[in-house]
J.: 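Below are the C-alpha cells for one structure; questions will follow.
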Amino acid sequence: MGWRDRGIQVKTPEQVEGMRVAGLVVGRTLEMLRDVARPGLTTGELDQKAEHHIRQLGATPSFLGYHGFSGSICVSVNDQVVHGVPGPRVLAEGDVVSIDCGAIVAGWHGDAATTLALGEVSDEVRALIRVTEEAMWRGIAAAKTSGRVSDISFAVEQHVRAHGSYGILEDYTGHGIGTEMHQPPDVPNYGRAGRGPRLVPGLALAVEPMVTLGSPETDILEDDWTVVTTDGSWAAHSEHTFTLTDEGSWVLTALDGGKAELAALGVPYGGD
C-alpha cells in the first residue's frame with residue numbers, strides 16, 4: 001500500500017516552507033499568550049487575544065468552527081486535559097493552564113500547545129509539566145528517515161515512564177498535519193518501536209503527549225469538548241508540529257525551528 005492509498009500526505013520542500021509560515025504564526029501566538037496569561041483573566045479573554053493576534057499575522061484560526069468548536073484556541077485548566085472551550089472561567093493563582101493553538105496560512109496548518117503554571121504550584125505539578133514537554137522533544141528526536149511512526153510513540157512513553165507513575169492518555173493522540181489539521185497517521189504516545197508508516201522527508205506530524213498525575217482515564221464534559229481526568233488529577237499537554245528534511249529535523253512551530261532543543265539531544269537540524 002502506498003502513501004497516497006493510506007491518505008498520508010508527503011509535502012514538497014516548497015510546501016513545507018508554507019507550513020513553516022503557519023507554524024511561526026502558532027509559535028508567536030503561544031509566545032504572546034504565555035506573556036499575557038495571568039490570574040483574573042478569563043479563558044474567553046485569552047481566546048479573544050489569540051484570535052486577534054492570529055488574524056493580525058495574516059492567518060486564520062484553525063480551531064474556530066472546527067466541528068462546531070466555538071474558540072480560536074483550546075484552554076484547559078488543571079484537571080482538564082485537552083479541548084477546553086474558552087469562556088467565562090476566571091484563571092486563578094496556582095492554576096495549570098494548557099493552551100492549544102492552530103493557524104492556517106494559504107491552506108497550510110500549524111498546530112502546537114504549551115502548558116504553564118500561573119504563579120506558585122507544587123514541585124509535583126512542575127515536574128509533570130517538565131516531563132511532558134521533555135517527552136515531546138524525546139519523541140521528535142527519535143524520528144529518523146526510514147524509521148517508523150511508533151519510534152516516536154516509544155520514545156515519548158519511555159521518557160514519561162522513567163520519571164514517575166504518570167498516566168498517559170491513550171484515546172487521544174498526535175497526528176499528521178498539512179492541508180488539514182488532522183490527517184493520518186495517528187501518533188500515539190505509547191507503544192513499541194518499529195511499527196506504523198515509515199518516516200520520510202516531507203511527512204509533517206504533530207507530536208503531543210497528554211500526561212496526568214493519576215489515572216489516564218478521562219470523561220468529556222457536557223459541552224461535548226472538554227476532556228477531564230476521571231479521578232480529578234491534574235494534567236499537562238505539550239505539542240509541536242515537525243517534519244524531516246534531507247538534513248535533519250525541523251520543528252515548524254518552534255520559533256528557532258527547534259534548533260536548540262534538537263542540538264541538546266544530538267539531533268541534526270534540518271531547517272533553513
Side-chain angles (χ1 to χ4, degrees), residues 26 29-34 36-51 54 61-64 66-103 111-119 121-122 124-133 135-136 160 166-175 181-182 189 206-241 253:
V26 172
T29 301
L30 286 175
E31 181 181 54
M32 179 274 294
L33 292 172
R34 289 185 70 92
V36 303
R38 64 183 187 278
L41 200 69
T42 68
T43 59
E45 289 169 332
L46 206 60
D47 180 70
Q48 291 169 6
K49 292 177 185 296
E51 181 178 359
I54 290 168
S62 299
F63 299 172
L64 187 59
Y66 181 76
H67 294 296
F69 191 76
S70 60
S72 294
I73 55 173
C74 300
V75 188
S76 307
V77 184
N78 299 338
D79 64 328
Q80 299 175 352
V81 192
V82 286
H83 305 162
V85 180
R89 179 170 183 162
V90 179
L91 297 175
E93 179 78 14
D95 278 347
V96 168
V97 185
S98 166
I99 304 171
D100 195 349
C101 179
D111 188 9
T114 188
T115 298
L116 58 144
L118 299 184
V121 296
S122 68
E124 180 184 45
V125 169
R126 289 207 178 275
L128 169 72
I129 296 170
R130 175 181 54 78
V131 168
T132 303
E133 182 176 4
M136 174 197 66
V160 174
Y166 297 111
I168 301 174
L169 267 66
E170 297 187 3
D171 294 336
Y172 301 89
T173 70
H175 50 88
M181 181 166 54
H182 294 111
N189 295 305
V207 178
E208 52 176 323
M210 291 153 270
V211 181
T212 75
L213 284 173
S215 167
E217 298 302 315
T218 59
D219 298 308
I220 300 176
L221 297 185
E222 290 182 1
D223 60 21
D224 289 330
W225 281 103
T226 307
V227 178
V228 299
T229 58
T230 301
D231 63 5
S233 61
W234 286 16
H237 174 211
S238 191
E239 178 183 18
H240 266 310
T241 297
T253 46

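Residue indices begin at 1 and follow the sequence shown.
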J.: Does the side chain of Pro88 reach to within under 4.5 Å of the side chain of Thr42, using non-hydrogen atoms?
T.: no

J.: What pairs with Arg34 under side-chain hydrogen bond (donor to acceptor under 3.5 Å, both in side chains), at least two apart in sequence or on another chain?
T.: Thr114

J.: Is there side-chain contact between Val90 and Leu41, with heavy atoms separated by less than 4.5 Å?
T.: no

J.: So which heavy atom on Leu116 is nearest to which on Ala37, and how close?
T.: CD1-CB, 3.9 Å

J.: Strictly distance-based, threshold 3.5 Å: is any side-chain N or O of Asn189 a donor or acceptor partner for the main-chain N or O of Thr173?
T.: no

J.: List in chain and number order the residues that pass side-chain hydrogen bond (donor to acceptor under 3.5 Å, both in side chains) with Asp79, two or more places apart in sequence or in another chain; answer none if no residue qualifies.
T.: none

J.: Using the side-chain contact (heavy atoms from CB on, under 4.5 Å) criterion, which residues pair with Ser72? Sequence neighbours excluded.
T.: Asp47, Glu51, Pro61, Leu64

J.: Can you check side chain to side chain contact (heavy atoms under 4.5 Å, CB included) on Thr226 and Ile220, steps first, answer last?
T.: CA-CA 6 Å; Thr226 307; Ile220 300 176; 6.0 Å; no

J.: Dump the intermediate steps for side chain to side chain contact (heavy atoms under 4.5 Å, CB included) on Thr43 and Leu91, then the final yes or no.
T.: CA-CA 7 Å; Thr43 59; Leu91 297 175; 3.9 Å; yes

J.: Rounded to the nearest 0.5 Å, how far apart are CG of Leu46 and CD1 of Ile99?
T.: 4.5 Å

J.: Is there a side-chain contact between Leu33 and Ile73, using heavy atoms and a 4.5 Å cut-off?
T.: yes

J.: Do Met32 and Val36 touch side chain to side chain, with heavy atoms closer than 4.5 Å?
T.: yes

J.: Where the side chain of Asp100 meets the backbone of Cys74, is there a donor-acceptor pair that is under 3.5 Å apart?
T.: no

J.: Starting at OG1 of Thr115, measure out to CZ of Arg130 and round the result to the nearest 0.5 Å.
T.: 14.0 Å

J.: So which atom in Val121 and which in Gly94 form the shortest heavy-atom distance, rounded to 0.1 Å?
T.: CG1-O, 3.4 Å

J.: Excluding sequence neighbours, so at least two apart, what forms side-chain hydrogen bond (donor to acceptor under 3.5 Å, both in side chains) with Thr253?
T.: His240

J.: List the atom of Gly40, the atom of Glu45, and the distance in Å for their closest heavy-atom pair.
T.: O-OE1, 4.3 Å

J.: Could you pull out all residues at least two apart from Ser233 that satisfy side-chain contact (heavy atoms from CB on, under 4.5 Å)?
T.: Thr212, Leu213, Thr229, Asp231

J.: What residue among Val227, Ile168, Val82, Asp171 forms side-chain contact (heavy atoms from CB on, under 4.5 Å) with Met210?
T.: Val82

J.: Can you tell me how far apart SG (Cys101) and CG (Leu30) are? Round to the nearest 0.5 Å.
T.: 5.0 Å

J.: With sequence neighbours left out, write down each residue that passes salt bridge (Lys or Arg N to Asp or Glu O under 4.0 Å) with Arg38, or none if nothing qualifies.
T.: none

J.: Give, for atom CE of Met136 and atom CD of Glu239, the distance between the pair rounded to the nearest 0.5 Å.
T.: 9.0 Å

J.: Considering non-hydrogen atoms only, spot the tightest contact between Val75 and Pro86 and give its length.
T.: CG2-CG, 4.2 Å

J.: Could I get the full list of ring-ring contact (aromatic ring centres under 6.0 Å, His included) partners for Tyr166, not counting sequence neighbours?
T.: none

J.: When you compare the side chain of Val96 with that of Val77, does any pair of heavy atoms fall below 4.5 Å?
T.: no

J.: Please answer whether the main-chain N or O of Ala103 pairs with a side-chain N or O of Ser62 as donor and acceptor at a distance below 3.5 Å.
T.: yes

J.: Mind checking what makes side-chain contact (heavy atoms from CB on, under 4.5 Å) contact with Thr230, not counting sequence neighbours?
T.: Glu217, Asp219

J.: List the steps, then state whether side chain to side chain contact (heavy atoms under 4.5 Å, CB included) holds for Val211 with Leu128.
T.: CA-CA 8 Å; Val211 181; Leu128 169 72; 3.7 Å; yes

J.: Holding to ring-ring contact (aromatic ring centres under 6.0 Å, His included), I want the full list of residues that pass it with His182, two or more places apart in sequence or in another chain.
T.: Tyr66, His175

J.: Looking at Glu93 and Gly119, what are the two nearest heavy atoms and their distance?
T.: OE2-CA, 3.2 Å

J.: Sequence neighbours excluded, which residues qualify as side-chain contact (heavy atoms from CB on, under 4.5 Å) partners of Ser76?
T.: Gln80, Ser98

J.: Using the test side-chain hydrogen bond (donor to acceptor under 3.5 Å, both in side chains), find all partners of Arg126 that sit at least two apart in sequence or belong to another chain.
T.: none

J.: In Å and rounded to the nearest 0.5 Å, what is the CG to CZ distance from Asp223 to Phe69?
T.: 8.0 Å

J.: Are side-chain heavy atoms of Trp234 and Glu124 found at a separation under 4.5 Å?
T.: no

J.: Quick check on the 6.0 Å ring-centre criterion: do His83 and Tyr172 meet it?
T.: yes

J.: Could you give the distance from CD (Glu170) to OG1 (Thr218), rounded to the nearest 0.5 Å?
T.: 10.5 Å

